[in-house]
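Here the structure is laid out as C-alpha cells; the discussion comes afterwards.
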Amino acid sequence: MTTPRALLVAADRHGAYPTLGEALRDAPDGAVITVAAGVYAETFELIGRELTLQAAEGADVVLDGAGGDWPVLRVRGGSLTLHGIRVTGGAGIQVEDAEFTAERCAVSDAAGTAIGVRGSRRFLLNRCKVSGAHQGIVVENSSGRIETTTVEGVSGDGIVIARGADPEITNSTVSDCGHRGVYVYQYGKPVIEGCELTRLGGDGVAVADRGSPVIRRTTVCDTRGHGIVFGAGCAGLVEDCRLDNTAEPAVLVAAGATPTVVEAIGPAKAAERGLEALLADLDAMVGLPAVKAEVRAVVDEIQVDEWRRGAGLAVGTVSHHLIFAGAPGTGKTTVARTYGHLLKELGVLSRGQFREVSRRDLVGQYIGHTAEKTSVVFEEAKGGVLFIDEAYTLSRRAGSGDFGQEAIDTLVKLMEDHRDEVAVIVAGYTDEMGDFLDANPGLASRFAKTIEFEDYTPDELLRIILRMVGAGDYRLDDDAQPLLLAHFARIAAGPNFGNARDARRVFEGVRKAQAQRLRLLGRKPDVDELRALTTSDVLDVVG
C-alpha cells in the first residue's frame with residue numbers, strides 16, 4: 001500500500017506551505033494536508049480531487065470567507081475529508097456529486113446554507129456544529145449519516161432532506177431555529193433516531209411532498225408549531241418519541257397521509273414511563289454490561305435519596321459529575337446523552353439537554369479568553385449534561401501558552417459552584433484521563449465515580465452491524481457473518497481499533513459495494529436485490 005503524501009501548512013514555519021492554496025496546488029490525489037493553528041482567509045473550489053484536510057493536534061484552524069457570498073469550500077466530484085476545521089462566513093461548505101466526510105468541524109455565520117450535500121453516494125457529518133446560517137444542513141439526492149451533530153441558532157430550517165435523500169440522523173440536536181427543526185420533502189426518507197429538536201419557531205419535523213421518514217426515540221419540545229406534521233400523500237413511522245410543549249395536536253396527520261404512529265407520547269404519559277423507557281433504551285444497547293450496571297447504580301442512589309428527602313431524612317451531598325474512560329467508539333456519547341435524560345426524569349436536572357464540547361470550544365487564544373469561553377459553554381449547559389470529549393487534551397501544553405490549564409481551573413470552580421445545575425462528564429482514554437485529573441488538585445474530587453467502557457468483542461460488533469442492516473431495511477447473507485467476525489477479530493488488536501466506529505465504516509463500505517454492483521446490472525433492480533447485501537459485497541470491504 002502506498003503511503004499518502006503528507007503536506008504541512010504553517011505560515012511561520014520554514015519548509016512548510018504558507019497558505020492552503022499553495023499546498024492544494026501541489027497536493028497529489030490522496031494527500032493529507034495538516035494545517036497549523038491560524039485564520040486562513042482563503043476560499044476554494046475542488047473539482048475531482050481526493051484530499052484530506054486536518055487541523056494539527058490541538059490547533060484552532062479557521063477558514064474565513066467573511067465578506068463573500070460564495071462557498072468557502074465548494075467540492076465537485078472526487079472526495080474530501082475534513083478533521084477539526086472551522087469554517088466561517090461566505091456560503092459555508094457546498095458538496096456536489098462527491099464523497100464527503102467532516103468530523104469535529106464547525107460551520108458558522110454562513111450566508112444561505114451552512115452545509116449543502118447534493119448527489120453524494122456517501123457522506124458523513126460526525127460531531128460537527130452548525131450555527132448562525134439561514135439553513136443549517138441541506139441534503140438532496142444523497143446517502144450518508146449525520147451523527148452526534150448540533151445545529152443551532154439558524155434563522156430558517158435546521159435540517160432539510162429532499163429529492164429522495166435517505167440519510168441516517170442519529171444522536172443529534174437541533175435547537176433555536178427560526179422555522180422547522182427537520183423538513184422532509186420531495187420523496188425524502190431519512191431515519192431520525194435518538195435526536196433532540198427544541199426551541200423552534202415552527203414544527204419539530206415537517207413532512208411534505210411524498211416524504212417518508214422513520215422517526216424513533218426522538219424528543220421534540222418547546223416548539224411554536226406542532227411536534228410532527230405529515231402532509232397529504234406522505235408516509236413513514238413515528239415510534240417511541242416524546243413530544244412536549246408543542247402546538248396541539250402534537251402529531252398532526254393530514255387527510256391522505258398514511259404514517260404509522262407508535263408510542264408518540266405527550267408530557268403526562270412521558271412522566272409515567274419516562275424513567276423505565278430510558279433504562280430500557282440503555283439495556284437495549286449492545287454489550288456494556290458493566291457500564292449499564294454502574295449507571296443503574298447511580299440512578300438507584302439518586303432515587304433513594306429523593307425518597308429519603310421526601311421522608312424528612314438526612315441526605316448527603318451527591319455529585320452527578322462522572323468520568324467515562326475508554327477507547328473511542330465504545331458508546332460513551334450515547335450513554336452520556338441517556339444519563340442526562342435520566343437525571344431530568346428524576347428531577348435532578350431541569351432540562352436534560354446534551355452539550356458536547358472539545359478543547360477548541362473551551363480554550364481561547366490569549367490570557368482571559370479561555371475563562372470567558374469556558375464560562376459561556378458552562379452557562380449554555382445549565383440544566384443538562386456538559387460532555388467534554390477527549391478531556392485529556394486540556395492538560396497538554398500547546399505552544400508557549402497553557403490555556404488548557406486555564407480551562408481546567410475554570411471548570412473546577414464552576415462545577416463546585418453549580419453542582420446541582422449541571423452534570424459534567426469528561427471522557428477519554430483511561431491512561432490519559434489520569435493525567436487530566438492530576439492537572440488540578442481539586443479536579444478528581446469533583447467526580448462521583450469513573451465508569452470504564454470496555455472494547456466491543458467481535459461478536460458484539462457483528463450484532464451492531466446486524467442492527468444497522470435491519471434499521472436500514474437491508475438483508476445480509478448468512479455466509480457473510482463469519483467473514484465479518486474474522487475481520488473484527490483481526491483488527492481488534494490493532495492500535496487504531498475504532499470499536500463501533502469501525503463497524504459503522506464497514507457497514508457503509510458494504511452499502512457502497514452493493515450500490516456499485518447494482519449499477520452494473522444494466523436494469524432497475526427489484527426490491528429483493530435492493531435489500532440484499534451479499535457475501536461478495538462484504539468481501540469487497542473486508543477482503
Side-chain angles (χ1 to χ4, degrees), residues 1-4 29-30 32 50-52 77-83 95 97-103 117 119-127 142-148 165-168 170 191 286-287 327-331 455-521 525 527-543:
M1 176 183 283
T2 303
T3 302
D29 279 346
V32 177
E50 297 186 3
L51 297 167
T52 295
S79 67
L80 177 66
T81 297
L82 302 177
H83 289 284
V95 179
D97 302 317
E99 293 191 1
F100 178 65
T101 297
E103 296 192 281
V117 181
S120 175
R121 295 191 303 272
R122 176 183 176 275
F123 78 91
L124 170 64
L125 304 179
N126 180 33
R127 300 175 185 243
S142 299
S143 294
R145 287 184 61 79
I146 301 171
E147 56 187 27
T148 320
D166 60 351
E168 297 177 45
T170 60
V191 174
V286 173
T330 49
D455 287 340
Y456 286 111
T457 66
D459 284 335
E460 289 168 343
L461 291 171
L462 177 61
R463 287 169 56 196
I464 288 171
I465 278 199
L466 292 176
R467 286 191 177 189
M468 296 175 186
V469 168
D473 204 11
Y474 290 97
R475 186 184 65 251
L476 180 69
D477 280 357
D478 291 340
D479 292 343
Q481 295 188 27
L483 297 174
L484 292 169
L485 275 174
H487 171 73
F488 290 132
R490 187 166 58 249
I491 67 173
N496 298 315
F497 179 47
N499 284 285
R501 296 181 190 177
D502 281 337
R504 167 61 58 188
R505 280 192 283 268
V506 169
F507 176 63
E508 294 292 347
V510 173
R511 288 180 57 188
K512 179 180 177 182
Q514 183 221 39
Q516 293 171 335
R517 173 174 55 81
L518 293 179
R519 280 198 300 273
L520 297 176
L521 290 177
V527 172
D528 287 339
E529 290 170 324
L530 287 169
R531 294 187 64 203
L533 300 176
T534 67
T535 302
S536 66
D537 295 332
V538 173
L539 282 170
D540 283 346
V541 178
V542 305

Discussion item. If the test is side-chain contact (heavy atoms from CB on, under 4.5 Å), which one of Val538, Val469, Asp477 qualifies with Leu533?
Written reply: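 Only match with Leu533 under side-chain contact (heavy atoms from CB on, under 4.5 Å): Val469.
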Discussion item. Using the side-chain contact (heavy atoms from CB on, under 4.5 Å) criterion, which residues pair with Thr457? Sequence neighbours excluded.
Written reply: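 side-chain contact (heavy atoms from CB on, under 4.5 Å) list for Thr457, sorted by chain: Asp459, Glu460.
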Worksheet item: Sequence neighbours excluded, which residues qualify as side-chain contact (heavy atoms from CB on, under 4.5 Å) partners of Thr101?
Response: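 With sequence neighbours excluded, Thr101 shows a side-chain contact (heavy atoms from CB on, under 4.5 Å) to Thr81, Glu103, Arg122, Leu124, given in chain and number order.
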Just so I know, are the side chains of [X] and [Y] near enough to count as touching, which here means a heavy-atom distance under 4.5 Å?
X	Y	result
Ile146	Thr170	no
Val541	Phe507	no
Leu520	Leu518	no
Leu466	Leu476	yes
Val542	Phe488	no
Arg519	Arg121	yes
Arg517	Asp537	yes
Met468	Tyr474	no

Mind checking side chain to side chain donor-acceptor pair (under 3.5 Å) for [X] and listing every partner two or more places apart, or none if nothing turns up?
X	result
Arg501	none
Arg505	Asp502
Asn499	Asp455
Glu168	Arg145

Item to complete: Work out which heavy atom in Ala98 is nearest to a heavy atom in Gly77; give both atom names and the distance.
Response: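 Looking at all heavy atoms of both residues, the closest pair is CB-O, 3.3 Å.
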Fill in: Gln514 versus Ala532, closest heavy-atom pair with distance
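In this case the closest contact between Gln514 and Ala532 is NE2-O, 3.0 Å.
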Looking at [X] and [Y], would you say the former's side chain and the latter's main chain have a donor-acceptor pair under 3.5 Å?
X	Y	value
Asp479	Thr535	no
Gln481	Leu462	no
Ser142	Ser120	yes
Asp29	Glu50	yes

Worksheet item: Where do Leu485 and Leu483 land on the side-chain contact (heavy atoms from CB on, under 4.5 Å) test, with the steps shown first?
Response: CA-CA 5 Å; Leu485 275 174; Leu483 297 174; over 6 Å; no
Worksheet item: Are Lys512 and Glu99 within salt-bridge range, i.e. N to O under 4.0 Å?
Response: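 Yes, charged N to carboxylate O under 4.0 Å.
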Worksheet item: Quick one: do the Arg463 and Tyr456 side chains pair a donor with an acceptor below 3.5 Å?
Response: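 Short answer, no.
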Practice prompt. Given side-chain contact (heavy atoms from CB on, under 4.5 Å), test His487 with Leu461 step by step and report yes or no.
Written response: CA-CA 10 Å; His487 171 73; Leu461 291 171; over 6 Å; no
Practice prompt. Using a cut-off of 6.0 Å, state whether more than 12 heavy atoms not belonging to Arg531 lie near its atom CZ.
Written response: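 For Arg531, atom CZ is crowded (more than 12 foreign heavy atoms under 6.0 Å).
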Worksheet entry | Distance in Å, Thr52 OG1 paired with His83 NE2, rounded so as to fall on 0.5 Å steps |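 Here the rounded value is 6.0 Å.
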